[in-house]
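Notes follow the structure.
The structure presented is a predicted model; accordingly, all values stated were derived computationally and were not measured. Every chain is numbered from 1, with letters handed out A, B, ... down the list of sequences.
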Amino acid sequence: NLSDRLQKVFKYLKGQGKLTEENIQEALREVRMALLEADVHFKVAKDFVSGVASRAVGQEVLQSLTPGQQVIKIVNEDLTRLMGGKAEPLKLTGKLPNGIMMVGLQGSGKTTSTAKLALKLSRETRRPCLVPADVHRPAAIDQLVTLGKQLNLPVYASRTDQKPEEIVKAAFAFAREHNCDTLLVDTAGRLHVDDELMGELDRVKSIVEPSEILLVADAMTGQDAVQVADTFHDRLGITGVVLTKLDGDARGGAALSIRAVTDCPIKYIGMGEKLDALEVFHPDRMASRILG
Amino acid sequence: VLGKKTIDMDLLDDLEEVLITSDLGVRTTQTLLQRVTEKIKRKELKEPEKLREQLRQEIQSILDVPSPPLDLSAQHPFVIMVVGVNGVGKTTTIGKLAHQFKGEGRKVMLAACDTFRAAAVEQLVLWGERAHVPVIRQKSGSDPSAVAFDAMDAAVSRHMDVLLLDTAGRMHTKVNLMEELKKVHRTLQRKMEWAPHEIWLVLDATTGQNALSQARLFKETIGVTGLILTKLDGTAKGGIAVAICDELQIPVRYIGIGESLEDLRPFDPQEFARAIF
Ligand SMILES: Nc1nc2c(ncn2[C@@H]2O[C@H](COP(=O)(O)OP(=O)(O)OP(=O)(O)O)[C@@H](O)[C@H]2O)c(=O)[nH]1
Ligand SMILES: Nc1nc2c(ncn2[C@@H]2O[C@H](COP(=O)(O)OP(=O)(O)OP(=O)(O)O)[C@@H](O)[C@H]2O)c(=O)[nH]1
Ligand SMILES: [Mg+2]
Ligand SMILES: [Mg+2]
């Protein structure tokens with residue numbers, strides 16, 4: 001792992017006063033490799049490592065740590081700070097019901113995360129209702145209706161012959177009828193390069209006027225994370241990210257790539273298929289995971 | 001990368017970036033670049049365009065895993081188990097495969113062995129209707145192996161040519177879920193001597209290095225005889241397939257290029273290598 005590799009790099013550094021450009025060159029190469037193996041984007045890894053270099057060069061080699069441990073400490077601190085420093089909550093403000101739109105690529109976990117978020121909000125004394133606005137995937141409405149029933153929360157009865165725009169429009173009246181203060185809108189998975197479908201999302205946004213637009217992204221996403229996040233953010237304005245499937249063994253470098261390119265906070269992580277498997281994002285834990 | 005007149009450090013850096021950003025991964029990228037660097041040192045490669053062509057050839061030959069051609073007529077019914085982690089496109093791909101095989105004049109049947117996820121059975125039933133093939137199912141929460149058992153009986157008694165089994169998405173790291181998959185596998189083996197005849201692991205082209213871990217564990221647990229790479233209609237290159245073919249020698253059989261019934265293509269190693277360079 002990275003600590004062992006850095007130990008090797010620095011085994012001749014004992015008793016040399018400072019971390020210099022030369023002696024950390026090799027160490028930084030190892031850090032960059034570790035980030036790429038963790039799926040951090042090529043350019044993001046490069047920029048990150050040069051940031052670490054400028055912080056590390058000239059530092060005194062501390063008594064309490066080996067040089068390798070010192071570099072790791074700097075990397076860990078920089079990673080944690082870059083990914084948001086501390087946890088960030090949902091900002092649900094303005095006229096009720098507050099809308100939350102769940103968007104992202106196919107299969108990333110939007111529908112499941114929509115239900116998970118509804119459960120979490122209801123436990124925080126909000127009154128959410130679920131809005132299935134995916135009329136494209138076979139049995140997508142069925143899926144969210146089933147989850148809503150499991151949670152005993154109101155789900156708008158969308159039909160596949162409706163347009164997403166019609167569904168969200170009607171959802172407002174539905175929310176008022178059921179005395180709901182939060183609208184959780186599940187949308188169909190789509191490619192960031194599908195101009196027509198990205199346009200549809202824009203139209204849904206202008207009707208819902210959401211307090212939050214959450215990009216639901218799969219933790220095992222590779223280099224593509226940058227293109228996807230950049231395009232979704234550019235076209236829609238993302239306010240936060242839900243990173244799913246962290247109960248697997250993906251290192252999750254996509255978390256760093258997404259934050260680097262959108263500057264949007266990861267608000268929640270998906271830790272399993274059960275509806276209570278949604279946790280608040282902790283940047284420091286993610287940093288250690290990415291470094292392996 | 002284009003327009004370079006000589007092979008220099010900059011060109012090699014550019015090529016490294018192309019390979020890494022296509023998800024080939026650090027190790028495979030280093031191996032490929034080392035091979036071409038050897039040729040450059042021995043003066044066997046002098047021009048940038050030849051260098052790119054050489055890399056394309058290397059990638060193509062890795063992807064061309066020597067494997068027996070797929071002969072669905074060799075068994076009756078020919079049993080195919082479809083597995084993979086959550087959300088990669090298993091259910092959708094089965095719909096496409098059913099359409100493909102039916103178009104080849106075969107009688108196809110589907111088995112809804114994902115008895116866990118909300119509306120999973122309903123989703124497969126809809127695909128069965130689109131492809132005009134029967135779907136064997138039981139009520140939600142039933143044992144996936146029981147559905148597999150029933151499906152084998154039905155496929156035999158109804159003289160089906162191909163039986164495709166849909167399974168629930170699962171993390172390869174969850175021992176109890178991999179045990180459940182083993183049980184489905186054993187059920188099929190007990191019903192018919194050499195079944196399942198193919199076990200296809202579905203991988204999402206947007207996945208990075210974790211796809212290698214998925215392939216290793218699924219192969220180790222129940223054996224994988226083929227790969228299907230989905231969502232290649234996006235911007236991801238799916239380069240991790242190169243690392244998987246190299247290490248595990250499993251052939252890619254099909255690729256998914258969209259969400260409709262016809263969005264399935266047989267895998268073409270040359271086309272795949274071209275898309276990277
Ligand atoms: N292990 C695990 N599985 C998850 C997690 N989140 C979602 N899933 C699973 O991932 C698969 C896809 O989830 P969906 O909610 O259907 O994904 P989606 O983004 O709505 O998919 P589309 O609507 O087709 O774009 C399902 O099998 C879910 O159970 C998670 O955090 N961990
Ligand atoms: N763009 C694109 N989307 C695809 C492709 N294959 C599948 N999908 C989409 O990916 C999403 C997930 O597909 P599913 O078939 O439900 O995936 P799965 O592996 O069965 O999911 P689980 O059973 O929940 O693990 C759906 O929205 C599909 O339409 C493809 O080749 N291209
Ligand atoms: Mg969905
Ligand atoms: Mg499925």
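The distance from atom CG of A:Asp218 to atom OG1 of B:Thr207, rounded to the nearest 0.5 Å, is 6.0 Å. Between atom OG1 of residue B:Thr235 and atom CG of residue A:Leu105 there is a gap of 8.0 Å, rounded to the nearest 0.5 Å.
Nearest heavy-atom pair across B:Leu126 and A:Ala139 is CD1-N, 3.5 Å. Looking at every heavy atom in both residues, A:Lys245 comes nearest to B:Gly87 through NZ-CA, 4.2 Å. Here the closest heavy-atom approach between residue B:Glu122 and residue A:Asp142 is recorded as CG-OD2, 3.5 Å. Across all non-hydrogen atoms, the minimal contact from B:Asp23 to A:Gln223 is OD1-N, 3.0 Å. Here the shortest heavy-atom pairing between B:Gln209 and A:Asp39 reads N-OD1, 2.9 Å. Summarising the geometry of B:Thr173 relative to A:Gly248, their closest heavy-atom pair is OG1-CA, 3.9 Å, with the distance given to 0.1 Å.
Interface check for chain B: of the options A:Gly222, A:Ala38, A:Gly272, the most heavy-atom pairs under 4.5 Å are formed by A:Gly222. Of all the listed residues (A:Gly189, A:Pro138, A:Gly253), the one sharing the greatest number of non-hydrogen pairs under 4.5 Å with chain B is A:Pro138. Taking A:Lys43, A:Gln106, A:Gln150, A:Met33 one by one and counting their heavy-atom pairs under 4.5 Å with chain B, the maximum is reached by A:Gln106. Contact tally against chain B (heavy-atom pairs below 4.5 Å) for A:Arg251, A:His192, A:Glu273: the top residue is A:Glu273. Counting heavy-atom pairs closer than 4.5 Å to chain A, the top-ranked of the candidates B:Ser22, B:Ala118, B:Gly95 is B:Ala118. Interface summary for chain A: among B:Arg170, B:Arg117, B:Lys174, the most heavy-atom pairs under 4.5 angstrom belong to B:Arg117.
Salt bridge annotation for B:Glu16-A:Lys46: absent, with no cationic side-chain nitrogen under 4.0 angstrom from a carboxylate oxygen. With respect to B:Arg27 and A:Glu37, no salt bridge is recorded, no charged nitrogen being found less than 4.0 Å from a carboxylate O.
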Next item on the list: Apply side chain to side chain contact (heavy atoms under 4.5 Å, CB included) to the pair B:His172 and A:Asp249, showing each step before the final yes or no.
Entry: CA-CA 9 Å; B:His172 46 301; A:Asp249 61 350; 2.8 Å; yes
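Contact annotation for B:Val125: neither backbone nor side-chain heavy atoms come within less than 4.5 Å of a heavy atom of chain A. Both the backbone and the side chain of B:Glu17 come within less than 4.5 Å of a heavy atom of chain A.
With a 4.5 Å cut-off on side-chain heavy atoms, B:Gln123 and A:Gln143 do not count as touching.
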